[in-house]
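Atoms within each ligand, like the ligands themselves, are counted from 1 in listed order.
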Amino acid sequence: MTLMMMTMMTSNGCIRKIDLKDLQAVKIIEDEAFQEHAYNENEIKDMLLMEGGESYLFEIDEQPAGYVSFYIKNGKCRVESIGVRPQFQRNGIGKKLMALVEQRCNELNAKSIILETFERNIAAISLYERLGYEVIGKIINYYNIPFNGSRDAVRLRKRL
Ligand SMILES: CC(C)(COP(=O)(O)OP(=O)(O)OC[C@H]1O[C@@H](n2cnc3c(N)ncnc32)[C@H](O)[C@@H]1OP(=O)(O)O)[C@@H](O)C(=O)NCCC(=O)NCCS
């Protein structure tokens, strides 16, 4: 069954496709999860409208808890952003959102997933490595604002 039009109940919360009406919900998650690194409204809008893009919201009791945004092009998937509000972290939401990305890749025949994160973002790198991603490169000064003193990114990839 495809996820295009459906809402997926999970053991604790539900995942549904995001549209532009959800911009404020995404902004709340961005601001809380990324703080000074958060996308502004225009950047979120651009992300939600990306060609080939899909974004999904994880809600708990109708409250935004987390989201993921990605696009698939030429058989490759790029995760643009994933964030979980601090009070909902370490409950498996990040893992469920990334599993959904993989499911959509399988449905749309994408063969790999690529993403970047701060080289010192231990939480994110731990999540990705646990899911089978490998670090395939480092990008110097990738970000404008440092995280834990570094602006460098690591690029990770999972072959499907
Ligand atoms: C990265 C992030 C999305 C993870 O979401 P989450 O819902 O907390 O992740 P999960 O609960 O699914 O964690 C799955 C696994 O990832 C690893 N992990 C997650 N957070 C971790 C942390 N703070 N420290 C170490 N490992 C961590 C663990 O292996 C964890 O499994 P466990 O809880 O059984 O030990 C979340 O921490 C977040 O939103 N951070 C701020 C925004 C951000 O950095 N986004 C990624 C940018 S690329």
Using a strict cut-off of 4.0 Å, indicate which atoms of ligand 1 neighbour a heavy atom of Gly83.
39 (O)

Atom 44 (O) of ligand 1: the protein heavy-atom neighbour that sits closest, reported with distance to 0.1 Å:
Asn121 ND2, 2.7 Å

Checking the N or O distance criterion of under 3.5 Å, is ligand 1 in contact with Ile82?
yes

Give me the residue, atom name and distance of the protein heavy atom closest to atom 24 (N) of ligand 1.
Arg90 NH1, 3.3 Å

Going by a strict under-4.0 Å cutoff (protein heavy atoms only), does atom 17 (C) of ligand 1 have a neighbour on the protein?
yes

Nearest non-hydrogen protein atom to atom 38 (C) of ligand 1, with distance, is Gln89 NE2, 3.4 Å

Around Glu36, counting heavy atoms of other residues, nucleotides and ligands shown, do more than 12 lie under 6.0 Å from its CD?
yes

Within-shell test, Glu116 vs ligand 1, heavy atom, strictly < 4.0 Å:
yes

Look at atom 41 (C) of ligand 1 and find which of Ser81, Ala124, Ala33 reaches it with the closest heavy atom.
Ala33

Distance from atom 4 (C) of ligand 1 to nearest protein heavy atom, with residue and atom:
Leu127 CD2, 3.9 Å

Quick one: are the ring centres of Tyr56 and Tyr67 less than 6.0 Å apart?
no

Does atom CD (Glu43) have a neighbourhood of more than 12 heavy atoms from anything else shown, all under 6.0 Å?
yes

Would you check, one step at a time, whether the test side-chain contact (heavy atoms from CB on, under 4.5 Å) holds for Glu80 with Ser55?
CA-CA 9 Å; Glu80 276 295 304; Ser55 304; over 6 Å; no

Given Tyr128, Phe118, Phe58, identify the one with the heavy atom nearest to atom 48 (S) of ligand 1.
Tyr128

Identify the protein heavy atom lying closest to atom 30 (C) of ligand 1, giving its residue, its atom name and the separation to 0.1 Å.
Arg130 NH1, 3.6 Å

Under a 4.0 Å heavy-atom limit, does Asn91 contact ligand 1 with its side chain, its backbone, both, or neither?
backbone

Atoms of ligand 1 close to Thr117 [distance to a heavy atom under 4.0 angstrom, numbered from 1]:
47 (C), 48 (S)

Do Glu54 and Ser69 have a side chain donor and acceptor closer than 3.5 Å?
no

Hey, are the side chains of Ile15 and Glu59 touching, using non-hydrogen atoms and a 4.5 Å cut-off?
no

More than 12 heavy atoms of other residues, nucleotides or ligands under 6.0 Å from CG of Asn148: yes or no?
yes

Establish whether Val84 and Leu127 are linked, either directly or via other cluster members, by ILVMFWY side-chain heavy-atom contacts under 4.5 Å.
yes

One thing to verify: whether Glu102 and Lys158 come together as a salt bridge, which I'm taking to mean a side-chain N less than 4.0 angstrom from a carboxylate O.
yes

Would you call Lys27 and Glu41 a salt bridge, using N to O less than 4.0 angstrom?
no

With only distance considered, is Gly94 within less than 3.5 Å of ligand 1 through an N or O on each side?
yes

Test side-chain hydrogen bond (donor to acceptor under 3.5 Å, both in side chains) on Gln103 and Glu107 and set out the steps.
CA-CA 6 Å; Gln103 183 182 330; Glu107 288 169 356; 3.1 Å; yes

At what distance is the nearest protein heavy atom to atom 39 (O) of ligand 1, and which residue and atom is it?
Val84 N, 2.7 Å

For atom 12 (O) of ligand 1, grab the closest protein heavy atom and report residue, atom and distance to one decimal in Å.
Lys95 N, 2.9 Å

If you scan protein heavy atoms around atom 11 (O) of ligand 1, the nearest is Gly92 N, 2.8 Å

Which ligand 1 atoms are under 4.0 Å away from a heavy-atom of Ile93?
7 (O), 12 (O)

